[in-house]
Amino acid sequence: EVQLVESGGGSEQAGGSLRLSCAVSGTSYTAYRMGWFRQAPGKEREGVAVIYSSSGLTYYSDSVKGRFTISQDSAKNMLYLQMNSLEIEDTGMYYCASDWRMMSPARWDEPGTFRYWGQGTQVTVSS
């Protein structure tokens, strides 16, 4: 069974940086696409960034573009999210997700298109 485990969350002041990691186990095959999603209290889960493993193409939400960077180390089966210039609005639970099915990039930020999810890691940004 595929398992995803996130780490690296915590509390940080606005303007600071955090790096999230996601360890994938239970498979030796690199997922077709992997992504980071987040959910703030009372809000729906939203796509933050996605990477298509074979091509390396990445997609970001407008709210994090230029501040966050998604990357992966296929050899180690790891996914990362470097978050710089953190804003209070970045607060939320961050989830790692993966899927082995082909999917149009037009749907990159749809949580329902990802089969496997981690338990999440909390990120809290304060002023």
Minimum heavy-atom distance between E6 and C96, given as atom pair plus value: OE2-N, 2.8 Å
Other cluster members, M103 - Ile/Leu/Val/Met/Phe/Trp/Tyr, side-chain contacts below 4.5 Å: none
Those residues that, when tested against K65, pass side chain to side chain donor-acceptor pair (under 3.5 Å) (two or more places apart): D62
Which residues share a salt bridge (charged side-chain N to carboxylate O under 4.0 Å, His left out) with K43, sequence neighbours left out: none
Heavy-atom closest pair, residues G47 and S61: O-CB, 3.5 Å
Side chains of Y95 and R45 in contact at under 4.5 Å (non-hydrogen atoms): yes
Qualifying disulfide bond (SG atoms under 2.5 Å apart) pairs with a residue from residues 98-127, counting only residues at least two apart or across chains: none
Within 6.0 angstrom of Q119 CD, more than 12 heavy atoms from elsewhere: no
Residues which pass side chain to side chain donor-acceptor pair (under 3.5 Å) with Y94, listed by chain and number, not counting sequence neighbours: R38
Single-linkage hydrophobic cluster, 4.5 Å side-chain cutoff, M102 and I51 together: no
Beyond-backbone contact of I70 with L79, side-chain heavy atoms, under 4.5 angstrom: yes
Show me the side-chain donor-acceptor pairs of residues 9-30 shorter than 3.5 Å, one per line, residues at least two apart or across chains.
| unit_1 | atom_1 | unit_2 | atom_2 | d |
| --- | --- | --- | --- | --- |
| S17 | OG | N84 | OD1 | 2.9 |
| T27 | OG1 | Y29 | N | 3.0 |

With sequence neighbours excluded, residues passing side chain to side chain contact (heavy atoms under 4.5 Å, CB included) with E89: E87
Salt bridge (charged side-chain N to carboxylate O under 4.0 Å, His left out) partners for D109, two or more places apart: none
Rounded distance [0.5 Å steps], CZ in F37 versus CD in Q39: 11.5 Å
Listed partners of D99 passing side chain to side chain contact (heavy atoms under 4.5 Å, CB included), at least two apart: R33, R101, F114, R115
Residues which pass ring-ring contact (aromatic ring centres under 6.0 Å, His included) with Y52, listed by chain and number, not counting sequence neighbours: Y32, Y59
Spacing of M93 atom CE and T124 atom OG1 [to the nearest 0.5 Å]: 8.5 Å
Hphob cluster co-occupancy, L86 + Y60, side-chain heavy atoms under 4.5 angstrom: yes
Distance (rounded to the nearest 0.5 Å) between S126 OG and I88 CD1: 7.0 Å
F68/W36 aromatic ring centres below 6.0 Å: no
Atom pair CG (D90) and OG (S63), whose distance is rounded to the nearest 0.5 Å: 7.0 Å
Counterpart residues, side chain to side chain contact (heavy atoms under 4.5 Å, CB included), relative to S85 (two or more places apart): R67
E1 side chain near Y116 side chain, heavy-atom distance below 4.5 Å: yes
ILVMFWY cluster, M83 and V48 together (side-chain gap under 4.5 Å): yes
Residues clustered with Y80, ILVMFWY side-chain links under 4.5 angstrom: M78
